[in-house]
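First up is the structure itself, then whatever we jot down about it.
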Amino acid sequence: MSFESLGLRTELLRAASEKGYSTPTPIQTQAIPPILDGRDLMGGAQTGTGKTAGFTLPLLQRLMSSKPEKGRRAIRALVLTPTRELAAQVTESVRVYGKYLPLRSAAVFGGVSINPQIKKLRDGVDILVATPGRLLDHVSQTTIDLSRVEILVLDEADRMLDMGFIHDIRKVMKLLPKKKQTLLFSATFSNDIKRLADNLLHKPDLIEVAQRNTAAERVTQVVHPVDSKKKRKLLSLLIGSGNWKQVLVFARTKRNCDRLALALIKDGLNAAAIHGGKSQGARTKALANFKSGKVRILVATDIAARGLDISQLPHVVNYELPHVPEDYIHRIGRTGRAGHEGEAVSLVCICLLYTSPS
Ligand code: AMP
């Protein structure tokens with residue numbers, strides 16, 4: 001199967017080929033034709049499967065082939081994402097895949113000043129990528145008009161629900177036209193997600209490229225039982241002796257992230273922390289330094305790491321295990337992406353409770 005045979009226009013084929021894509025991934029093969037046909041879609045895709053291009057390429061094509069209403073440029077496609085980082089990543093994908101098309105895109109998310117976003121919206125935007133909270137801020141300031149949206153995408157819908165965005169999503173829905181194409185992507189399918197899909201989607205095509213709630217197949221999973229006091233030493237040892245060049249480490253809380261990053265720095269390792277308590281500027285910088293290789297270890301909470309696409313990230317460490325199984329799947333899905341091998345290591349401290357015989 002080739003991109004050409006999916007019926008994409010030459011501008012998109014050129015952009016995909018320049019990005020180095022020769023063949024579509026399974027989610028792209030399955031998602032692109034029904035989206036081009038204007039159908040609603042519920043997509044179950046593991047992280048790192050290429051789902052962003054899977055919805056962005058046909059979305060751009062549909063916007064090019066439908067005629068916008070006369071008058072001012074209006075937002076015709078809205079992509080909702082749970083986190084700022086994912087919003088920034090999707091916006092970058094829209095820009096890259098749409099570089100030969102005369103469509104404008106923008107991102108709105110919190111943690112940064114609202115004014116440049118307002119200016120950009122005023123200049124006219126066809127595709128808007130947004131986190132729900134900041135989107136509603138714009139709505140309340142009447143700096144956004146969603147009444148002409150033709151395509152809605154809910155990306156990582158499971159995480160949006162986990163993060164408590166359901167009320168915001170409902171509010172946004174009320175501002176959108178009834179008639180539109182809706183695409184919902186989720187790595188896992190809880191009953192809540194199914195309920196949301198029942199409410200939002202009209203006779204959707206269902207596609208799923210991996211088994212539900214399973215971890216990325218190319219990820220080797222390893223568990224090291226370890227005393228909690230020796231965890232940090234073991235981590236430094238694994239990184240040092242294995243000569244790991246790039247490793248994403250998960251801790252449960254913001255405080256633990258900061259403390260661990262500092263301790264690793266003391267061990268002579270180049271580390272940074274990323275979590276929701278940091279300013280957006282600090283988060284962007286930490287991520288950019290990690291991606292470029294300037295920082296070897298990024299210590300993150302689940303929220304900050306959600307949706308991060310770091311190509312060829314070889315190692316993920318669960319310094320502390322997450323509370324829910326879904327988060328484990330998302331965490332280890334940061335590695336083993338787009339056909340590369342990856343290793344996920346969990347440091348587990350097993351506390352033996354000893355009760356003395358009476
Ligand atoms: P995503 O699941 O959308 O976050 O994509 C994961 C990674 O796969 C990104 O780094 C994409 O650039 C890459 N990717 C997407 N589509 C393809 C493709 N057809 N061939 C090779 N890599 C791809």
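As the structure lists them, so they are numbered: ligands from 1, and atoms in each ligand from 1. Values in this document were obtained by computation on a predicted structure and should not be read as measured data.
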query: Using a distance-only test with no angle check, is there a side-chain donor-acceptor pair under 3.5 angstrom linking Lys254 and Asn256?
result: no
**Prompt:** Quick check, are the ring centers of Tyr319 and Phe250 under 6.0 angstrom apart?
**Reply:** no
Ligand 1 to Thr52, heavy atom cutoff 4.0 Å, flagged ligand atoms 1 (P), 3 (O), 4 (O)
Is Glu4 paired with Arg9 through a side-chain N to carboxylate O contact shorter than 4.0 Å?
-> no
- Between the side chain of Ser292 and the main-chain N/O of Asn289, is any donor-acceptor distance below 3.5 Å? yes
Here the atoms of ligand 1 under 4.0 Å from any heavy atom belonging to Lys51 are 1 (P), 2 (O), 3 (O)
Here the atoms of ligand 1 under 4.0 Å from any heavy atom belonging to Thr25 are 17 (C), 18 (C), 19 (N)
request  = Decide whether an N or O pair under 3.5 Å exists between Thr49 and ligand 1.
outcome  = yes
Here the atoms of ligand 1 under 4.0 Å from any heavy atom belonging to Phe3 are 19 (N)
Q.
Salt bridge check, Asp302 against Arg331: does any charged N sit closer than 4.0 Å to a carboxylate O?
A. yes
The answer for which part of Gln89 has a heavy atom under 4.0 Å from ligand 1 is neither
Practice task
Answer yes or no: does an N/O atom from Pro24 fall short of 3.5 Å to an N/O atom of ligand 1?
Solution key: no
task: Could you tell me whether the side chain of Glu320 and the main chain of Arg252 form a donor-acceptor pair under 3.5 Å?
output: yes
query: Does Thr23 come within less than 4.0 Å of ligand 1, judged by its heavy atoms?
result: yes
